[in-house]
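To keep things clear, I will list the structure first and then write my remarks on it.
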There are 2 protein chains.
Amino acid sequence: MDSGVKKPGVTSSQVADHAGVSQSAVSRTFTPGASISPKTRQKVLASAKVLGYRPNAIARSLITNRSRIIAVVMAYLENLFYPDVLEELGRALAAENYHLLLFTGFMDRDSDPVFDQLMQYRVDGIILASTSLSSELSEECATAGIPVVLFNRTTERDAVSSVTTRNKEGGKRIADFLVAGGHKSFGYIAGLENSSTNRDRQQGYVEGLAAAGFADVVIETGNYSRLDAEAAARTMLSRKDRPEAIFVANDHMAVAVMDVARHEFGIRIPEDLSIVGYDDVGPARWTSYGITTMSQPLKRMVESTVDILMDQIASGEIEAEHRILNGDLIVRSSARLPQTGLIERDGQTIYRPREA
Amino acid sequence: MDSGVKKPGVTSSQVADHAGVSQSAVSRTFTPGASISPKTRQKVLASAKVLGYRPNAIARSLITNRSRIIAVVMAYLENLFYPDVLEELGRALAAENYHLLLFTGFMDRDSDPVFDQLMQYRVDGIILASTSLSSELSEECATAGIPVVLFNRTTERDAVSSVTTRNKEGGKRIADFLVAGGHKSFGYIAGLENSSTNRDRQQGYVEGLAAAGFADVVIETGNYSRLDAEAAARTMLSRKDRPEAIFVANDHMAVAVMDVARHEFGIRIPEDLSIVGYDDVGPARWTSYGITTMSQPLKRMVESTVDILMDQIASGEIEAEHRILNGDLIVRSSARLPQTGLIERDGQTIYRPREA
DNA sequence: TACAAATTTGCATACGTATGCACAATGCCA
DNA sequence: TGGCATTGTGCATACGTATGCAAATTTGTA
C-alpha cells in the first residue's frame, strides 16, 4: 500500500532463522518426500505462515532444471473448439501441478520469436495446436530435447508425438452418411490446405464418395476461417450445378456456410441442401444450427496429450507416440437422414452403418 | 533423438569460453543497453549461434527479480468474448516482451490454490477477468505488492486498478433505445448477480426505464451461463404478460435466449419480441442472430490494461487507476427500430440519441 | 543400559545469470 | 606524443533454492 518500492519477498533462510532451523530444513518441509521430522516440519510451517513465505518457483526451477511450465501454442482462438481445448488443458495440467504458458495472437509467419521465448523459459513440454508453424517448430524443439505433442495435427516425419482423431475415417463416414441419405452431388469446403486434418478429412470423403460411384466433388477452400468460408460458400452456392450436400471441414466454418446459404441465398436446410461439419463444437448444438457433425472427443484428447507429456518428462525418453481416437457422427438437423444406420445413445442420435 | 537423458543446456560460461571472453561479456551482449563493444559483441553472437545458446530466463529472473510473466485468470472461456480478450492480450503482452501464464478451467470456489501458484512464480502482474474470486484474490495480491488489474469488473474497495466500460450508461442507453422503439413492457435477463457488470447494467437499465415511466421490469437470472439463460428465457417467455422487449446482460446469453424464443416458442424477432445484448461478440454479428448490442471496445480495453500494468511495474508504484471506456449501441436486426437517433458510422448503424 | 540401525539435521555447494567495482583499453584534443 | 576523459572488460559476488554428504539425533533391540 504505502511502499512504492519492490517487495523484498520472504526467503527460506528468513523462515529458517525465525524457526531456529537450517535453510535445508525449510526446503525439505516444502519438498514432498524429503526427510524431515514432523516436529520441525510443524515449526517451519508455523514460521512460514507468520512470515507469509511461499517457495520461489523460479529459484527452484533453476536448481531442479524443471520449470513445471508447459507451453501451449495456439495461433488463433476464433474457432470455439480451441478455447474449449484450452480450458480443459488448464484443468488437466493444474491437476498435475503444471502451469500453462500461452502463446497466441501472433501471426503465423514468424515462428522464430516464439521458439526463442519457449527455449528461454526452459518449458518442460510443448503443446502445438491450431498453428501452421508446427513442422518447423516441432523439429527445433525435438532437437532441443523438449517433449512436444501435436494436438489435432500431425506431420510427415513422425518423430514428434501427436494426438488426433481418425480424420480420414471421419471423412469416409460422412461420405457414407450423405450417400445413404440419397444425395447425388457433393461439395467440400476445405480447411487450411497444408493442414493434416484437412488433408485427411478430404481424402476420406473423396475416396468414400468415389467408392460409391461419385467421382465429382466440387471443392472450395475456407482456410478454417469464417470469412474465407463465407466467400467459399458464395462461390459454391452460385453454381448452376450447386451440390445437394456439402461437407464443411469444421463446424466453425459450417456455421458461416449455413448463414450464407439461408440468408443470402434463401436456401432451406436440410430440404434443399445438406450440411455436415466436424468437431461438434458449441454452436453446432445450438438450435439455430443443429449441425450434423463428426465429434472429436475433447476430454480424451486432452487427457492423452497430458499423458504423453508427463510420461516423456518423467522418463526423459522422447520417443514419439501417436494416439488416435475415435469420434462419432452426431446426427442433428442440418442434413437429410438415411433410412438405416441411425442409433440412439446417451440421448443423441449417431450414425453407425452396419458394416462398421 | 538418441539421448534419453536431459539436455544439459548451453550456458553463458560455455559461450564465454568458446568466444574467449568473460561470462560478463556474454551477459552484456544479451542485455539491451549494457556496455559492450561491437567487436566482442559480434564474437559472442557468433559463438552463441554455433553453440545454440539462449539466455536462461529462469536464471535471469532470479537475479533481476522480474519474471516477465503476467498471470491471466479467467474462470471460463465459454463466452467468446474472453477468448477474444485472450488473443488480444497475447498480442499486447508479446509486444512488451511479456508472457502470459493462463489460469483457467478451475472451479470458482477454491481461490487459494490459484493464489499460491501466482505467488510462487513471482509473476510481475495479474489480470483478473471473468472470475468471481476477484475480490479475495485482488486483495491478497495487492497486499503482496503485485500489480493487479481487474478486467471488465470492479470491486467496492477501489484499492485495485480496473478497466471497464460505462456499464450503467450502457444500460440506460438500451432503455432509451427500447423506449424510443415504442415498446411498452420490459424484461431483463441478468448475469451473475454479484458481478459489477451485471449490477451496473441492470441499474442503468431499470433507472432508465423508470425515468421514462416504466416502473415494472420482469427479471430472471441467467448467471452469464448459456444453460441458465435458456431456463430464464423459458420462464420469462411463458408468462401471460410476456414483455415486448428484453435486455439480456450479455450476447453470450442473448444468443441462447433468441434460440429459445424462436425455436421453442415460435416467437418472431423483432416483430413479436425485441432483444438487446451486450459485448458485440462474434455471434452477435452472424446473420442468424444480428443482435443489437452495446459494444465493448476490446482492443482499447486490452491496451489500457497492459498500459496500467507496465506503468506500475516500471514505477514500482501501485496506485489504483480506473479506466472507463465508452461503447456504442450497435443497431442490427434483433430489436425494433426507433424513429430517430440512428446514425451511420464505419458501415455500422449506431444509436445516439440527440440529448447525449 | 548399551549398542547398532534408522532417521533427521546442518554444512557446503551448485544452478545460470546480472551487476558494482576496479582496472585495462581506447579515443580525443592540444 | 602525452595526458585525460571515455568506454569496455573481467573479477567476484549475489539471487533463493535443492541436495550429497557427514555429523547428530532418535529409535529399536537384546
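In this text, all values refer to a predicted model and were calculated from it rather than measured experimentally. Each chain gets a letter, A, B and so on, in the order the sequences are listed, and its residues count up from 1.
Ring pair A:Phe151/A:Phe81 is tilted by interplanar angle, where 30° to 60° counts as tilted.
For A:Thr197 and A:Tyr224, the side-chain atoms include at least one donor-acceptor pair closer than 3.5 Å. Side-chain contact check for A:Ser37 and A:Thr40: at least one donor-acceptor pair (N or O, by modelled atom type) lies under 3.5 Å.
B:Ser12 pairs by the side chain to side chain contact (heavy atoms under 4.5 Å, CB included) definition with B:Gln23, B:Val26, B:Tyr53, not counting sequence neighbours. For A:Glu321, the salt bridge (Lys or Arg N to Asp or Glu O under 4.0 Å) partners two or more places apart in sequence, or in a different chain, are A:Arg323.
In the set C:dC11, D:dT9, D:dT17, D:dT9 carries the atom at the smallest distance from any side-chain atom of B:Arg28. Set against D:dG8, D:dT17, C:dG16, the side chain of A:Ile63 has D:dT17 as its closest nucleotide. The side chain of B:Arg60 lies closest to C:dA18 when the candidates are C:dA18, C:dG16, D:dC11.
Checked against A:Leu298 for a side chain to side chain contact (heavy atoms under 4.5 Å, CB included), the options A:Leu325, A:Val85, A:Asn152 give a single hit: A:Val85.
The interatomic distance linking A:Asp17 (CG) with C:dC11 (P) rounds to 11 Å, in whole Å. For the pair A:Ile58 CD1 and C:dT17 C1', the interatomic distance rounds to 13 Å; values are reported in whole Å. What separates CD of B:Gln23 from P of D:dT13 is a distance of 14 Å, to the nearest Å. The CG-P distance, from A:Asn65 to C:dT17, rounds to 11 Å in whole Å. Distance CD (B:Gln120) to C1' (D:dA18): 15 Å, rounded to an integer number of Å. Between the CZ atom of B:Arg66 and the P atom of D:dG16 there is a distance of 14 Å, rounded to whole Å. A straight line from CZ of B:Arg54 to C1' of C:dT17 spans 17 Å, rounded to a whole angstrom. Atom CZ of A:Phe30 and atom P of D:dT19 are 15 Å apart (whole Å).
Across all strands shown, A:Val21 has heavy atoms under 4.0 Å from sugar-phosphate atoms exclusively, and none from any base. The residue A:Leu62 sits close to a base: some heavy atom pair falls under 4.0 Å. Using a 4.0 Å heavy-atom criterion, one finds that A:Thr40 contacts the sugar-phosphate atoms exclusively. Across all strands, A:Ile36 comes closer than 4.0 Å only to sugar-phosphate atoms, never to a base (heavy-atom distances).
Applying the 4.0 Å criterion to OP1 and OP2 of C:dT8, one finds that A:Ser37 has every side-chain N and O outside that range. Within the 4.0 Å cut-off from OP1 or OP2 of D:dG8, at least one side-chain nitrogen or oxygen of B:Ser35 is found. The phosphate of C:dA18 has OP1 or OP2 within less than 4.0 Å of a side-chain N or O from B:Ser27. For D:dT17, the OP1/OP2 oxygens have a side-chain nitrogen or oxygen of A:Ser12 closer than 4.0 Å. For the OP1/OP2 pair of D:dG16 and a distance below 4.0 Å, the side-chain nitrogens and oxygens of A:Thr11 include no atom meeting the criterion. For C:dT17, the OP1/OP2 oxygens have a side-chain nitrogen or oxygen of B:Tyr53 closer than 4.0 Å.
Comparing the end axes of the helix from C:dT1-D:dA30 to C:dA22-D:dT9, each fitted to five base pairs by superposing C1' atoms of four pairs onto the next four, gives an inter-axis angle of 30° (nearest 10 degrees).
You won't find any donor-acceptor pair under 3.5 Å spanning the side chain of A:Thr64 and the base of C:dC15, going by distance alone.
Nearest-nucleotide mapping onto DNA chain C: of A:Ser24 and A:Ala34, the residue sitting toward the 5' end is A:Ala34. Of the two residues contacting DNA chain D, namely B:Ala59 and B:Ala25, the nearest-nucleotide position lying further toward the 5' end is that of B:Ala25.
The pair B:Arg91-B:Glu88 meets the salt-bridge criterion, with a side-chain N (NZ, NE, NH1 or NH2) lying under 4.0 Å from an Asp/Glu carboxylate O. Under a 4.0 Å N-O distance rule, the pair A:Asp124/A:Arg68 does not qualify as a salt bridge.
Counting heavy atoms from C-beta on, the side chains of A:Leu86 and A:Leu77 come closer than 4.5 Å.
Taking atom C1' in both C:dT19 and C:dC23, the straight-line distance is 16 Å, to the nearest Å.
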